Undergrad: 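Can you read through this structure? Questions will come right after.
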Amino acid sequence: MSDVPDHRGDLPALPTEEMLVNLGPSHPASHGTLRVLLKLDGERIVRAVPEIGYLHRGFEKSAEKGSWTEVIPYTDRLNYNSALLNNVGYCKAVEALLGVEVPPRNQAIRVIVSEMSRIMDHLIAIGTNLVDIGALTNFWYFFNLRERFYRLVEKLCGARLTTSYVRIGSLQHDLYPGFEDDLRALLPEIPRAVADVRGLVERNRIFHERTEGVGAIPAGEAIAYGFTGPCLRACGVPYDVRKSHPYYGYDQLDWDVPVGEAGDARDRILVRFEEILQSARILGQALAKLPAGPIAVADWKVVLPPKERVYGSIEALMGHFKIVMEGIRVPAGEIYDSTEAANGELGFYLVSDGSGRPYRVRVRPPCFPIYSAFPRLVEGQLVADAVAALGGLNVVAGELDR
Amino acid sequence: MGLERPPWDGEALDRLAEAVPGSVARRLDANGQASALVPAAKILDALRFLRDDPRGRFEMLLDLAGVDRLSLPDPLPRLEVVYHLYSVARAARVRLSVRVTEEDPKLPTATGLWPAANWFEREVYDLFGITFQGHPNLKRILCHREFVGHPLRKDYPIRKRQTVADPDPLTDELERPRP
């Protein structure tokens with residue numbers, strides 16, 4: 001081998017050329033129809049240009065064409081990983097404009113379905129994020145638990161994803177007999193699944209190296225970009241609508257807002273782990289305190305009268321007729337109302353002209369402003385980092401594009 | 001288990017009216033939510049004041065929405081842009097409204113104040129046809145580049161369909177300066 005010349009040190013510089021690569025719009029790692037045009041220098045991202053709108057269905061336009069109630073099924077399709085949270089958010093906003101407050105039992109049930117939904121959403125977010133960086137096994141641990149939640153949701157409202165469970169001033173129906181036992185049986189499974197997956201990743205060097213410092217953003221900048229939810233809390237900002245502007249008695253339950261420090265892909269995952277456990281705490285307390293009583297407001301201008309009354313009294317018959325034919329008459333005015341959805345602050349800005357139809361339904365999808373920071377998060381990093389960062393943002397095309 | 005209203009900060013709007021003369025044309029407070037109608041010429045000053053006012057500290061542009069007022073009782077000027085600001089530090093909210101005419105739908109961009117305004121304004125431009133002057137990349141965002149009209153205007157027919165054959169190459173955005 002001694003006759004092989006040693007070229008180290010005097011190699012001519014290899015020619016380099018910037019390359020354009022499309023990530024998506026249809027790619028297993030892009031979590032829905034997202035497209036990012038990447039300008040690459042080798043594996044390093046020089047420029048990232050996201051294009052959205054591939055899943056734009058005209059949610060806000062469609063909402064103006066029916067009654068206020070007819071918007072509910074569309075809300076299932078915003079963040080379709082946590083449809084129940086969207087149902088609750090929308091109905092709560094309409095109720096705020098109506099000036100009605102749902103009974104305590106309804107509020108407690110909404111807390112329960114919201115936290116179930118949040119857990120399911122976080123299970124998907126963490127599970128797929130880890131798959132993207134090569135950790136497949138935990139995906140099965142989490143999807144196992146998620147499947148059990150889906151069965152419970154299916155038993156509750158007949159659908160797994162497109163739930164449409166919540167009604168303005170009411171619910172589709174009360175909990176079925178035995179729901180509480182079913183959910184209580186599921187509660188111990190939550191920390192078990194989280195422990196299983198944490199056991200796989202928490203001391204795993206690959207996990208840390210793939211996520212630490214990846215897609216990081218400091219708190220001030222995250223606020224300027226409009227970050228909310230787990231992505232903002234990963235930066236160390238303890239903003240949670242449930243704590244800062246409590247609704248449905250969240251302030252009377254004992255739970256914590258977990259925060260991260262670095263605002264990177266790792267902290268987003270770790271914050272979501274902890275939020276799953278906090279949601280489980282909320283579920284346990286909400287079940288223990290679940291009040292008896294009606295689920296619907298006692299106002300036949302807002303909720304349909306019970307069927308047996310409709311057949312037996314003229315007042316109930318008229319109430320039924322008016323709601324079905326004209327829709328709920330929401331008084332003229334405007335309101336902004338928000339809830340803490342799985343991805344952050346889910347806001348609805350509603351404008352009513354006093355007819356039975358929404359004049360304007362503006363939804364503030366939490367992942368829209370978050371995703372707008374994507375170039376800021378990944379430019380200068382590697383292509384593989386872009387994939388690792390994207391999963392942690394949990395961008396859901398359904399609510400991003402509407 | 002009462003439904004608690006989030007704290008809307010009317011006092012911040014009082015201070016705004018004092019600090020930036022002419023910025024609050026009318027208060028639009030409704031349903032317990034503090035809101036002000038701001039002339040288009042004053043909107044940037046008003047937003048900047050609210051963001052930087054040490055007693056306000058509205059450091060987040062929470063939401064930006066368009067409204068077509070065509071069939072509301074008070075329809076003119078026709079187009080409205082609604083800014084929702086949030087103070088994370090104080091857990092306070094405030095709303096500003098600006099109205100522009102259909103003939104001259106122009107507003108200054110808020111991208112210099114918040115990077116979040118970039119996509120929000122693109123969306124309002126796309127769906128309502130309001131131009132944000134000085135915006136670094138005022139392209140359609142939800143509809144495609146060959147789309148004609150603005151679908152959230154009330155006179156845009158809901159059943160109208162527009163298709164596009166070719167994807168946007170996006171190469172024009174590669175060269176733009178970073179926000």
Side-chain angles (χ1 to χ4, degrees), chain A residues 20 25 35 37 39 47 49 51-53 56 58 60-62 64-65 92 95-97 99 101 104 107-108 220-221 223-226 228 232 237 239 244-249 251-252 332-338 345 347 349 351 353 359-360 362 364 368-369 371-373 375-376 379 401-402, chain B residues 1-8 28 30-33 35 59-69 71-73 80 82 84 86 88 91 93 95 97 113-120 122-123 126-127 140-144 151-152 154 156 158 167-171 173-176 178-179:
Chain A
L20 295 183
R35 175 187 171 208
L37 180 65
K39 185 181 187 180
R47 202 70 205 258
V49 180
E51 187 193 28
I52 69 169
H56 180 53
E60 292 174 12
K61 184 80 174 176
S62 308
E64 294 171 7
K65 285 296 157 188
K92 177 170 169 285
E95 287 155 8
L97 193 50
E101 185 176 321
Q107 296 188 14
E221 224 178 315
I223 289 172
Y225 266 106
T228 50
L232 181 61
V237 182
Y239 173 55
S244 301
H245 310 285
Y247 51 96
Y248 296 159
D251 50 338
Q252 286 152 43
E334 56 180 340
I335 204 157
Y336 176 86
D337 195 69
S338 61
E345 175 158 352
Y349 172 62
V351 181
D353 58 0
Y359 187 81
R360 174 89 171 95
R362 153 74 186 169
R364 179 210 189 263
F368 184 87
Y371 190 48
S372 79
R376 156 71 186 79
E379 282 174 1
D401 294 348
R402 286 153 281 148
Chain B
M1 288 183 110
L3 256 183
E4 296 189 30
R5 298 247 181 258
W8 288 73
L28 300 172
N31 298 307
Q33 305 191 338
S35 174
E59 65 277 77
M60 186 187 283
L61 175 63
L62 188 65
D63 192 27
L64 203 163
V67 180
D68 179 1
R69 305 184 57 86
S71 37
L72 283 179
E80 182 172 19
V82 182
H84 281 98
Y86 186 68
V88 179
R93 298 174 194 279
R95 172 164 63 229
S97 281
L113 298 173
W114 290 284
N118 188 326
W119 279 24
F120 280 145
R122 279 177 69 184
E123 184 180 327
D126 185 4
L127 304 180
R140 287 187 183 273
I141 189 164
L142 295 181
C143 299
H144 55 76
L152 274 187
K154 289 284 175 182
Y156 186 92
I158 189 168
D168 186 341
L170 295 180
T171 40
E173 291 184 57
L174 286 173
E175 306 312 325
R176 276 175 211 284
R178 284 183 184 80

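A quick note: this is a predicted structure, and the numbers were derived from the prediction, not measured. First the proteins, then the strands, lettered A, B, ... as listed; each starts at 1.
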Undergrad: Do any N or O atoms from the side chain of A:Tyr359 and from the backbone of B:Val67 form a donor-acceptor pair under 3.5 angstrom?
TA: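 No.
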
Undergrad: Just so I understand: if I count every heavy-atom pair under 4.5 Å between each of B:Leu28, B:Asp68, B:Leu61 and chain A, which residue has the most?
TA: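 Heavy-atom pair counts peak at B:Asp68.
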
Undergrad: Where on B:Leu64 is there a heavy atom nearer than 4.5 Å to chain A: the side chain, the backbone, both, or neither?
TA: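 When you check distances to chain A, only backbone atoms of B:Leu64 fall under 4.5 Å.
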
Undergrad: Minimum heavy-atom separation for B:Pro151 to A:Lys61, with atom names?
TA: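 In this case the closest contact between B:Pro151 and A:Lys61 is O-NZ, 2.9 Å.
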
Undergrad: About how many Å separate CD of B:Glu173 and CG of A:Leu37, when rounded to the nearest 0.5 Å?
TA: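 Here the rounded value is 9.0 Å.
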
Undergrad: Check whether any side-chain heavy atom of B:Arg69 lies under 4.5 Å from a side-chain heavy atom of A:Val351, and answer yes or no.
TA: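 Result no, sub-4.5 Å side-chain heavy-atom pair not found.
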
Undergrad: Heavy-atom distances under 4.5 Å only: say whether B:Asp126 touches chain A with side chain, backbone, both or neither.
TA: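 Neither the backbone nor the side chain of B:Asp126 comes within 4.5 Å of chain A.
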
Undergrad: Look at the side chain of A:Glu51 and the backbone N and O of B:Leu170, then say whether any donor-acceptor pair between them is shorter than 3.5 Å.
TA: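 Checked: no pair found.
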
Undergrad: Heavy atoms only: give me the nearest B:Ala91-A:Ser244 pair and the separation to one decimal.
TA: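 Shortest heavy-atom separation between B:Ala91 and A:Ser244 comes out as CB-CB, 4.3 Å.
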
Undergrad: Step by step, work out the salt bridge (charged side-chain N to carboxylate O under 4.0 Å, His left out) result for B:Glu80 and A:Arg360.
TA: CA-CA 12 Å; B:Glu80 182 172 19; A:Arg360 174 89 171 95; over 6 Å; no

Undergrad: For the pair A:His56 and B:His144, evaluate side-chain contact (heavy atoms from CB on, under 4.5 Å) and give the outcome as yes or no after the intermediate values.
TA: CA-CA 10 Å; A:His56 180 53; B:His144 55 76; over 6 Å; no

Undergrad: Working to the nearest 0.5 angstrom, can you tell me the gap between B:Tyr86 OH and A:Thr228 OG1?
TA: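 Those atoms lie 10.5 Å apart.
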
Undergrad: Considering only heavy atoms, which portion of B:Pro73 lies under 4.5 Å from any heavy atom of chain A: side chain, backbone, both, or neither?
TA: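 Neither part.
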
Undergrad: Checking A:Lys65 side chain against B:Ile158 main chain: does a donor-acceptor pair fall under 3.5 Å?
TA: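 No; zero donor-acceptor contacts below 3.5 Å.
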
Undergrad: So which atom in B:Ser35 and which in A:Glu334 form the shortest heavy-atom distance, rounded to 0.1 Å?
TA: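 It is OG-OE2, 4.4 Å.
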
Undergrad: Side chains of B:His84 and A:Arg362, heavy atoms from C-beta outward: is any pair under 4.5 Å?
TA: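 Of all side-chain heavy-atom pairs linking A:Arg362 with B:His84, none is under 4.5 Å.
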
Undergrad: Under 4.5 Å between any side-chain heavy atoms of B:Leu62 and A:Tyr336, yes or no?
TA: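 Yes, at least one pair of side-chain atoms sits under 4.5 Å.
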
Undergrad: Roughly how far apart are B:Thr171 OG1 and A:Arg47 CZ, rounded to 0.5 Å?
TA: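 Output value for this atom pair is 12.5 Å.
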
Undergrad: Could you state the interatomic distance from CD (B:Glu123) to OG (A:Ser372), rounded to the nearest 0.5 Å?
TA: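 Nearest 0.5 Å value for the CD-OG distance: 11.5 Å.
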
Undergrad: Are the side chains of A:Pro369 and B:Phe120 in contact, using a 4.5 Å heavy-atom criterion?
TA: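 Sidechains of A:Pro369 and B:Phe120: in contact.
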
Undergrad: Side chain, backbone, both or neither: which part of A:Arg402 has a heavy atom under 4.5 Å from chain B?
TA: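 Interface part for A:Arg402: side chain.
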
Undergrad: Return the minimal non-hydrogen interatomic distance between B:Arg95 and A:Tyr349, and the atom names on each side.
TA: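 Here B:Arg95 and A:Tyr349 meet closest at NH1-CE1, 3.9 Å.
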
Undergrad: What is the minimum heavy-atom distance between B:Asp168 and A:Arg35, and which atoms define it?
TA: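 Shortest heavy-atom separation between B:Asp168 and A:Arg35 comes out as O-NH1, 2.7 Å.
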
Undergrad: Find the distance between CD1 (A:Ile52) and CD1 (B:Ile141) and round it off to the nearest 0.5 Å.
TA: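 Spacing of CD1 (A:Ile52) from CD1 (B:Ile141) equals 4.0 Å.
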
